[in-house]
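All remarks here apply to the structure that follows.
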2 protein chains.
Amino acid sequence: MEDGKITMPINSFEHYTLTWKPDKKKLARPYYQSIASLLEQDIVAGFLMPGTKLPPQRELADFLDLNFTTITRAYKLCEMRGLIYAITGNGTFVAPNAAQSITISTDRTKNSIDLGFVASFEQTNSELTETIQKVASKNYLPELLNYNDPTGLPHQKAVALNWMSAFGIQATPEQLAIVSGAQNALAIALTALFEPGNRIATDLYTYSNFIELAKLLHIQLVPVAGDQAGMLPAALEKQCSQIQVHGIFLMPSCSNPTTVMMTDTRKQELASVIRRNNLILIEDDMHAFLTAGILPDYRQPLSNLVPETSVYICGTSKSICSGLRVAYIVFGQHMREMILRTIFNINVKTSALDAEIVTELILSGKAQQIASQKKELAQIANELYYEFFPSEKNSGHPLSFYRWLPIPQQEDPLQLVSELTKNGIRVFHSNRFLSGQPNSEHYLRIALSTASSMDELAIGLTILKEHLL
Amino acid sequence: MEDGKITMPINSFEHYTLTWKPDKKKLARPYYQSIASLLEQDIVAGFLMPGTKLPPQRELADFLDLNFTTITRAYKLCEMRGLIYAITGNGTFVAPNAAQSITISTDRTKNSIDLGFVASFEQTNSELTETIQKVASKNYLPELLNYNDPTGLPHQKAVALNWMSAFGIQATPEQLAIVSGAQNALAIALTALFEPGNRIATDLYTYSNFIELAKLLHIQLVPVAGDQAGMLPAALEKQCSQIQVHGIFLMPSCSNPTTVMMTDTRKQELASVIRRNNLILIEDDMHAFLTAGILPDYRQPLSNLVPETSVYICGTSKSICSGLRVAYIVFGQHMREMILRTIFNINVKTSALDAEIVTELILSGKAQQIASQKKELAQIANELYYEFFPSEKNSGHPLSFYRWLPIPQQEDPLQLVSELTKNGIRVFHSNRFLSGQPNSEHYLRIALSTASSMDELAIGLTILKEHLL
DNA sequence: CGATTTGTACCTCTACATTTT
DNA sequence: GAAAATGTAGAGGTACAAATC
């Protein structure tokens with residue numbers, strides 16, 4: 001088989017220059033699984049660094065005396081496990097986050113200032129005591145403790161719709177469910193509406209927990225380029241025309257991690273691409289309270305433009321209280337059955353007690369008050385940040401709970417992060433948020449809402465700035 | 001291609017007797033998807049009844065002038081969607097629950113007595129008021145409202161371990177996580193430890209929400225026969241030797257829906273089969289409080305016999321309070337990372353407030369008191385049931401919240417259920433709980449713990465008995 | 001801009017295991 | 001218990017699309 005390669009005399013020589021050569025002796029049938037597990041071992045062990053180009057399918061096949069589609073299958077297995085990624089016409093590469101997991105983010109290192117994980121100015125949580133006690137004394141408390149109304153009690157849903165009407169959401173109670181936080185909402189939406197192997201378009205840099213979740217559910221992400229107004233419609237259109245894309249995930253109010261706010265014009269343009277390609281839109285709008293009514297050109301969520309095929313997620317963790325685990329999810333009528341079924345299969349229901357506390361907070365006006373406090377804290381924290389990094393001013397969302405700091409190109413991004421950890425601060429490198437291939441741009445995401453005080457934040461930023469100089 | 005079939009002159013005639021003939025004109029490339037979606041349409045529309053045998057792959061392939069493995073792929077797609085099931089050497093059949101979904105069970109029909117959905121004697125929920133108020137006045141309340149300790153606060157975990165020690169569980173806090181109810185625990189375990197296409201062995205009749213969840217996550221169930229002592233080890237061993245099985249799901253304390261209690265001898269035997277075949281055990285022990293210390297021969301959960309490869313799930317919904325959505329999950333050390341990651345991706349964390357209430361209930365002794373009340377109610381309800389169905393006495397768990405009533409073979413099971421609904425009671429037919437192929441035995445699952453009073457339950461049972469005569 | 005490299009989709013083929021007859 | 005029927009697993013092959021040179 002190999003002997004026939006007269007047209008490529010160099011080939012037999014190249015066999016010795018393959019970037020990865022599995023041990024032929026270790027190969028056993030089924031070959032594709034055998035190859036995949038050898039590759040996995042070498043990646044996890046660190047022999048193959050992130051970004052390494054793997055041998056083309058045909059070359060590796062020649063080397064192993066197999067048909068190249070068998071290599072396709074082996075590579076595909078590893079791709080599903082998030083270890084590698086492939087670009088047609090270009091090659092197959094070791095994924096940026098192949099060796100280590102992105103998550104496990106809340107094991108805060110003690111004696112360290114956390115600028116990595118984004119909390120929500122937890123100082124405001126003591127404001128809730130009174131409301132919780134009020135709910136605990138309601139005479140209908142036992143009604144909150146049974147299996148009834150799995151998607152939320154009617155009055156809770158009415159209050160939820162009212163809360164979201166400030167952001168431009170109009171929906172009926174049938175199109176709404178109360179779930180256990182925004183991440184839970186994402187898990188439900190992805191499980192309900194997509195199948196393993198489906199593809200979802202995202203910003204090139206996107207919410208790392210979404211990347212992890214997609215990996216867990218074997219859903220592939222399709223990175224799409226963007227600019228300062230959000231994802232580029234032409235780039236999305238192009239991807240959709242090339243491969244079958246089933247959905248799109250966006251955070252238009254304030255993209256995580258880039259802090260990009262999508263303009264209304266861009267929403268209109270993207271909506272028409274979404275409609276044309278029958279995409280299911282997952283819109284995570286946890287930052288609505290920071291954007292709607294505050295930014296002058298805010299008009300409405302993207303979901304409003306494609307209501308039938310979108311899932312709108314409004315978490316209350318960032319705006320009201322992180323520990324109560326309540327989010328509102330609004331969906332098109334024909335997705336209703338699948339979503340309710342999935343809620344039942346993943347949660348059964350969300351604690352009606354937690355939902356009631358959030359409801360009471362909103363009804364009493366306390367929620368709005370807390371949200372205002374968080375906004376003020378965000379403003380102060382951002383001003384502090386700009387004192388350290390003045391050139392960053394006027395980029396992205398002005399009240400974001402985190403910032404996206406460009407840094408010089410790094411030899412070894414992990415090295416930088418671990419050095420900063422040694423110096424007492426935790427930050428996340430941009431590679432953690434990559435949905436696609438790494439490029440030459442490097443950033444750090446700097447959480448402003450996690451340090452326990454502005455003083456602590458200032459110390460953290462000082463350490464950061466000194467180290468970057 | 002077809003002309004070569006001289007050995008089967010009958011074949012061309014048989015083309016006209018296929019049980020399902022897709023419209024050739026509607027077929028487009030890719031064929032396998034095209035065939036799958038035509039088949040799906042005909043099943044969902046009701047043209048193909050549950051149990052219908054589909055044409056063998058080779059015959060349909062002949063009819064459509066395709067290779068038979070293309071039909072394999074089409075059938076496999078539909079099998080993954082839960083529409084059909086296949087038996088090697090026998091044929092491919094429309095699944096029993098293909099057309100309708102099993103779940104959506106809590107939309108209680110008003111003015112109807114619910115003997116279908118299994119609640120947990122919700123009468124006891126008013127007992128919780130005092131404890132909830134106590135928790136609401138704790139000075140560390142704000143500490144329960146942030147992102148910290150996603151798997152549970154240390155003292156909550158200590159109390160959890162103490163609660164489970166009564167059932168024979170010994171574990172370290174690292175092997176424990178607090179999640180949002182038993183169903184949530186199942187979703188986490190399946191997502192974390194299995195991949196789409198993996199197989200899990202279950203009892204022939206098993207928890208219908210588990211069936212639905214597996215379908216949702218594209219995990220296939222392998223039905224295994226059992227007797228009055230639980231699943232048969234030889235049958236499990238046989239299945240494992242024939243196809244690759246990755247896990248096993250069991251409810252040894254009181255199987256749902258059959259009320260079978262597994263003997264300790266059977267646990268020992270199954271443990272050795274599980275060990276020999278490297279199965280991951282998912283043990284749902286929500287009924288532990290009804291079994292441990294009550295049944296004389298109870299020794300320990302099955303997980304104790306294979307601690308490294310098992311996930312033990314102990315929900316508090318049935319024993320303490322259904323609305324708080326708290327379950328404990330105990331896992332082997334090497335599963336820890338995947339499970340924590342998955343918890344983070346699906347829940348972020350479980351409300352520490354709910355967990356604290358359950359913790360306080362246990363610490364104060366109130367939980368034990370409520371559990372005792374529920375046991376007493378279960379005893380009364382079971383005695384009532386035996387007054388109606390005396391021949392059923394001495395079968396299965398004596399304190400089960402539901403019973404498994406054999407009924408005569410039915411022409412059309414759905415018909416029976418809908419007639420009963422018209423008569424004012426809701427029950428579930430055994431087909432809803434089938435993990436495999438239907439057989440000639442028929443049962444109804446009768447929930448005893450959902451009616452709002454014993455009087456209501458008595459009315460429901462009267463209607464049921466009259467209708468079955 | 002056309003040729004080359006590289007990955008993808010999907011169809012076909014073979015060997016084989018299980019169940020039924 | 002052998003032969004036939006039926007489904008499954010793995011591997012090979014072709015057409016094609018995208019990226020690069």
Side-chain angles (χ1 to χ4, degrees), chain A residues 1 5 7-8 10-11 14 18-19 27-36 53-62 64-80 84-93 197 199 220 222 235 238-245 436-437, chain B residues 1 4 7-8 10-11 14 18-19 27-36 53-62 64-80 84-93 197 199 220 222 238-245 437:
Chain A
M1 191 188 265
K5 290 260 170 189
T7 51
M8 291 182 66
I10 276 165
N11 205 26
E14 277 195 340
L18 293 183
T19 51
L27 227 57
R29 294 183 80 122
Y31 296 130
Y32 77 104
Q33 288 183 13
S34 193
I35 295 165
K53 180 170 178 165
L54 293 172
Q57 298 175 352
R58 286 164 178 83
E59 284 190 32
L60 187 55
D62 266 13
L64 297 173
D65 287 327
L66 295 169
N67 184 282
F68 80 95
T69 59
T70 303
I71 310 299
T72 309
R73 266 189 290 278
Y75 278 7
K76 184 59 79 186
L77 258 186
C78 289
E79 186 170 3
M80 295 268 276
I84 62 179
Y85 62 93
I87 305 167
T88 300
N90 194 342
T92 306
F93 306 85
R199 296 195 190 83
Q220 291 186 43
V222 178
K238 194 179 168 211
Q239 283 285 29
C240 292
S241 71
Q242 290 172 357
I243 48 174
Q244 204 193 346
V245 178
Q437 344 145 20
Chain B
M1 189 189 266
T7 51
M8 292 181 67
I10 275 165
N11 206 29
E14 277 193 341
L18 294 182
T19 51
L27 228 57
R29 293 182 79 120
Y31 295 129
Y32 76 105
Q33 287 184 14
S34 193
I35 295 165
K53 180 170 177 163
L54 293 171
Q57 297 175 352
R58 284 165 179 83
E59 284 190 33
L60 187 55
D62 265 13
L64 297 173
D65 287 329
L66 294 170
N67 183 281
F68 78 95
T69 58
T70 303
I71 310 299
T72 308
R73 261 191 296 281
Y75 278 7
K76 182 60 78 187
L77 257 186
C78 289
E79 187 170 2
M80 296 267 275
I84 62 178
Y85 61 93
I87 306 169
T88 300
N90 194 341
T92 306
F93 307 84
R199 296 195 191 84
Q220 291 186 43
V222 178
K238 193 180 168 212
Q239 283 285 30
C240 292
S241 71
Q242 289 172 356
I243 49 174
Q244 206 194 344
V245 177
Q437 346 149 18

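Every chain is numbered from 1 and lettered A, B, ... according to where its sequence line falls, protein lines coming before strand lines.
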* Asked: Donor-acceptor pair under 3.5 Å: do we get one between A:Arg58's side chain and the base of C:dG7?
  -> yes
* A:Tyr85 versus A:Cys78: any side-chain heavy-atom pair under 4.5 Å? -> no
* Counting side-chain heavy atoms from CB outward, which of D:dG7, C:dC13, C:dC10 is closest to B:Pro30? -> C:dC10
* Measure from the side-chain heavy atoms of A:Ala86 and tell me the nearest of C:dT12, D:dT14, C:dG7. => C:dG7
* Taking the side chain of A:Leu66 as heavy atoms from C-beta outward, which of C:dC11, D:dG12, C:dG7 is closest to it? -> D:dG12
* **Closest nucleotide among D:dG12, D:dA15, C:dT12 to the A:Thr70 side chain** => D:dG12
* Asked: So what does A:Thr72 hit on the nucleic acid, given a heavy-atom distance under 4.0 Å: a base, only sugar-phosphate, or nothing?
  -> base
Would you tabulate the pairs of protein nitrogen or oxygen atoms and nucleotide nitrogen or oxygen atoms of nucleotides 18-21 of chain D closer than 3.5 angstrom?
from   : atom 1 : to      : atom 2 : distance (Å)
D:dA19 : O4'    : A:Thr88 : O      : 3.2
D:dT20 : OP1    : A:Asn90 : ND2    : 3.2

* Under the side-chain hydrogen bond (donor to acceptor under 3.5 Å, both in side chains) test, which residues partner A:Thr70, sequence neighbours left out? -> none
* To do: With side-chain contact (heavy atoms from CB on, under 4.5 Å) as the test, would you mind laying out the steps for A:Leu66 and A:Leu60 before giving the verdict?
  => CA-CA 8 Å; A:Leu66 295 169; A:Leu60 187 55; over 6 Å; no
* To do: Could you check which of D:dT8, D:dT6, C:dC11 has an atom nearest any side-chain atom of B:Arg199?
  => D:dT8
* Looking across every strand, which nucleic acid part, if any, lies under 4.0 Å from A:Tyr75 by heavy atom: base, sugar-phosphate, or nothing? -> nothing
* Taking side-chain contact (heavy atoms from CB on, under 4.5 Å) as the test, write out the residues that go with B:Lys53, two or more places apart. => B:Asn90, B:Phe93
* Under the salt bridge (charged side-chain N to carboxylate O under 4.0 Å, His left out) test, residues paired with A:Lys76 that sit two or more places apart -> A:Glu79
* Go through the structure and list residues passing side-chain hydrogen bond (donor to acceptor under 3.5 Å, both in side chains) with B:Thr69, not counting sequence neighbours. => B:Asn67
